[in-house]
Number of protein chains: 2
Amino acid sequence: MIDQIMESLKESLNQVLPMTDKNWNEASPYFQALHFASNEMILPEGATCEFIHFIHKGSARSYYLDMDLKEVNLLLCREGEFITDYESFLYQKPASLCIEALENVTTISLHKKDLEQLYKKSLYWNQFGRMMAERIFINSKRRTENMLFLTPEERYLKLIEQHPHFFQRFPLKHIASYLGITPQSLSRIRARLTKSN
Amino acid sequence: MIDQIMESLKESLNQVLPMTDKNWNEASPYFQALHFASNEMILPEGATCEFIHFIHKGSARSYYLDMDLKEVNLLLCREGEFITDYESFLYQKPASLCIEALENVTTISLHKKDLEQLYKKSLYWNQFGRMMAERIFINSKRRTENMLFLTPEERYLKLIEQHPHFFQRFPLKHIASYLGITPQSLSRIRARLTKSN
DNA sequence: CGCCAGGTTGAAGCGCTTCAACGTCTGTGG
DNA sequence: CCACAGACGTTGAAGCGCTTCAACCTGGCG
């Protein structure tokens with residue numbers, strides 16, 4: 001079982017940056033499988049994020065708590081993707097995000113101190129870390145661009161097009177929050193669109 | 001002159017990640033000084049971004065052109081900061097950003113192909129690249145968070161607090177665009193605030 | 001002097017938010 | 001087995017702050 005999981009992780013990582021057996025053997029002892037029940041906190045409020053979690057099974061969300069304790073979703077993730085509060089992880093300071101399992105989740109997780117070991121001894125894992133940072137940046141940039149240029153309705157339409165599975169898997173309230181609007185607004189947008197289809 | 005400029009660059013880079021003389025000597029032949037007149041395009045529309053520009057003197061902005069050809073500023077930069085379309089630079093594809101000099105600008109610029117040379121032969125420059133990506137990510141994240149959580153008025157107040165020099169140096173229309181609002185709205189926000197001070 | 005860019009101000013409108021009520025579904029306990 | 005509670009989604013009404021279009025003021029510059 002754990003072997004299968006590691007094998008699928010290896011394949012995922014290989015797609016980010018092809019690795020040799022040596023590269024893999026350097027790192028594989030550091031990966032650990034973790035389990036979280038649905039609704040369990042993967043990163044509780046105010047904690048420091050110690051892991052990068054590669055989601056093997058299940059789904060999760062990361063969200064902010066604003067001043068009024070309202071939640072605003074940053075990311076909705078499923079298997080094959082990874083989730084972390086990268087800023088907290090990088091600088092080992094209390095996270096501004098929370099991470100919650102939306103279903104029963106299995107992750108393969110890499111601890112900060114282990115990643116640092118890899119950075120010290122391996123050019124490959126350094127490059128890998130750089131490419132992780134680049135990908136996380138691109139994600140964040142896409143999000144910013146969406147918020148800057150698109151109306152809530154346009155963001156909704158784009159989401160349907162690019163991530164239709166969101167609507168199969170996540171409750172609308174989480175999707176609304178991800179789109180940066182209230183559930184009521186999302187409901188009205190949907191009503192408007194089906195009326196004028 | 002050029003020696004002074006290189007020396008100040010070396011100091012800046014040293015603050016990102018301390019380097020040995022060997023590290024510096026590996027890279028210094030690759031840096032080139034470039035000059036741009038006020039209002040000159042550093043990265044014209046649709047071009048591919050080939051450089052990371054460290055601004056030595058002057059200021060610049062990066063902006064998007066949306067569908068209606070309206071400009072939306074992403075960043076306003078001054079000396080000591082760097083500017084690039086990092087996504088375009090990374091993947092060498094046409095930029096979604098434009099970059100324009102706001103004053104006469106001198107940059108020290110590093111070409112993509114030269115950075116790749118450095119990545120190949122040096123662990124230091126790999127780490128440096130990773131830390132650049134991390135910083136660019138943090139910037140982008142801050143921007144996203146501002147757009148998600150703060151009202152235009154709150155964004156304005158925060159900008160005054162954190163970057164008061166913007167108001168000395170950049171016209172209000174650029175600041176409005178940077179805040180994601182129209183110049184009229186910014187004007188009204190300012191009027192509202194001075195009235196109720 | 002007259003032009004133009006930058007900034008302000010007015011009026012109208014739109015789409016979001018908020019508060020509130022209500023329907024529906026699901027799960028749980030009497 | 002039914003009744004109720006709670007979560008989720010929808011709908012209505014009111015309000016607010018932004019945008020848009022437009023007019024106008026000001027200072028800098030040919």
Side-chain angles (χ1 to χ4, degrees), chain A residues 37-40 59 61 63-73 76 100-104 146-160 166-197, chain B residues 37-40 59 61 63-73 76 100-104 146-160 166-197:
Chain A
S38 185
N39 297 318
E40 191 180 346
S59 58
R61 70 181 179 116
Y63 62 94
Y64 294 93
L65 282 178
D66 73 8
M67 293 134 289
D68 314 327
L69 296 186
K70 271 186 302 192
E71 304 179 355
V72 180
N73 287 336
L76 301 173
E100 180 194 33
L102 292 176
E103 304 167 316
N104 293 333
N146 282 342
M147 297 303 292
L148 275 176
F149 299 125
L150 303 182
T151 63
E153 180 172 325
E154 290 168 332
R155 297 203 287 270
Y156 169 74
L157 289 169
K158 189 169 177 181
L159 187 64
I160 285 190
F166 274 37
F167 295 86
Q168 319 298 322
R169 198 150 181 184
F170 305 122
L172 289 175
K173 64 170 184 167
H174 283 329
I175 293 176
S177 173
Y178 177 78
L179 292 171
I181 58 179
T182 60
Q184 292 94 323
S185 292
L186 177 56
S187 177
R188 280 184 242 272
I189 288 171
R190 287 163 63 85
R192 218 154 61 208
L193 289 172
T194 56
K195 196 161 289 176
S196 70
N197 60 350
Chain B
S38 185
N39 297 318
E40 191 181 344
S59 58
R61 68 181 180 118
Y63 62 94
Y64 295 93
L65 281 178
D66 74 8
M67 292 134 288
D68 314 327
L69 295 186
K70 270 184 304 189
E71 303 178 355
V72 180
N73 287 337
L76 301 173
E100 181 194 32
L102 292 176
E103 303 167 316
N104 292 334
N146 282 342
M147 297 303 291
L148 275 175
F149 299 125
L150 302 182
T151 62
E153 180 172 324
E154 290 168 332
R155 297 202 286 271
Y156 169 74
L157 288 170
K158 188 169 176 181
L159 186 64
I160 286 192
F166 274 38
F167 295 86
Q168 319 299 321
R169 198 149 182 184
F170 305 122
L172 288 175
K173 64 170 185 168
H174 284 329
I175 293 177
S177 173
Y178 177 79
L179 292 171
I181 58 178
T182 60
Q184 292 93 323
S185 292
L186 177 56
S187 176
R188 281 184 243 272
I189 288 171
R190 287 162 63 85
R192 219 154 59 209
L193 290 172
T194 55
K195 196 161 290 177
S196 69
N197 59 350

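Worth knowing before you read on, the calculation uses all heavy atoms, side chains too, and leaves out hydrogens, waters and symmetry mates. Naming convention: chains lettered A, B, ... in sequence-line order (proteins, then strands); numbering from 1 in each chain. Only a predicted model underlies this, so the values are computations on that prediction, with no experimental measurement involved.
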- Once you round it to whole Å, what is the distance between P of C:dG6 and NE2 of B:His174? 7 Å
- Message: Taking the minimum atom-to-atom distance to the side chain of B:Pro171, which one of C:dG7, C:dT8, C:dT9 wins?
- Response: C:dG7
- Look at the side chain of A:Ser187 and decide which nucleotide, out of D:dC8, D:dT11, C:dG7, has an atom nearest to it. D:dT11
- Task: Kindly indicate whether the side chain of A:Arg188 and the base of C:dT18 share any N or O donor-acceptor pair separated by less than 3.5 Å?
- Result: yes
- Task: May I have the distance from B:Arg155 (atom CZ) to D:dG17 (atom P), rounded to whole angstrom?
- Result: 14 Å
- Query: Just checking B:Leu186: base, sugar-phosphate only, or nothing, at a heavy-atom cut-off of under 4.0 Å?
  - Reply: nothing
- Task: Could you tell me whether the phosphate oxygens of D:dC18, OP1 or OP2, come under 4.0 Å of any side-chain nitrogen or oxygen in B:Arg192?
- Result: yes
- Among the candidates D:dT11, C:dG7, C:dT9, find the nucleotide nearest to the side-chain atoms of B:Ala191. C:dT9
- Send over the distance from A:Leu172 CG to C:dC25 C1', rounded to a whole Å. 14 Å
- Interatomic distance, A:Leu179 CG vs C:dC16 C1' [rounded to whole Å]: 14 Å
- Query: Atom CZ of B:Arg190 to atom C1' of C:dG6: distance rounded to whole Å?
  - Reply: 12 Å
- Item | B:Gln184, nearest nucleotide to its side chain (from C:dG6, D:dT11, D:dC21) | D:dC21
- Message: Using every non-hydrogen atom in the two residues, find where B:Asn104 and B:Ala37 come nearest and quote the distance to one decimal.
- Response: OD1-CA, 3.4 Å
- Whole-Å distance, B:Ile189 CD1 to C:dG7 P, equals 15 Å
- Query: In whole angstrom, what separates A:Glu153's CD from C:dC14's P?
  - Reply: 14 Å
- What pair of heavy atoms forms the shortest contact from A:Leu148 to B:Gly180, and how long is it? CD2-CA, 4.5 Å
- Below 4.0 Å: OP1/OP2 of D:dC18 and any side-chain N or O of B:Ser185: no
- Among the nucleotides D:dG9, D:dC18, C:dG7, which one has an atom lying closest to any side-chain atom of B:Ile181? D:dC18
- Task: Looking only at non-hydrogen atoms, find the nearest pair between B:Leu186 and B:Leu172 and report the distance.
- Result: CD2-O, 3.5 Å
- Expressed in angstrom and rounded to an integer, what is the separation of B:Leu150 atom CG from D:dC18 atom P? 13 Å
- So which heavy atom on B:Ile181 is nearest to which on B:Arg155, and how close? CG2-NH2, 4.2 Å
- Using the side-chain hydrogen bond (donor to acceptor under 3.5 Å, both in side chains) rule, take B:Tyr178 and B:Arg61 through it: C-alpha gap first, then chi angles, then the decisive distance, then the call. CA-CA 9 Å; B:Tyr178 177 79; B:Arg61 68 181 180 118; over 6 Å; no
- Message: For D:dT19 and B:Lys70 - does any side-chain N or O of the residue sit under 4.0 Å from the phosphate oxygens OP1/OP2?
- Response: no
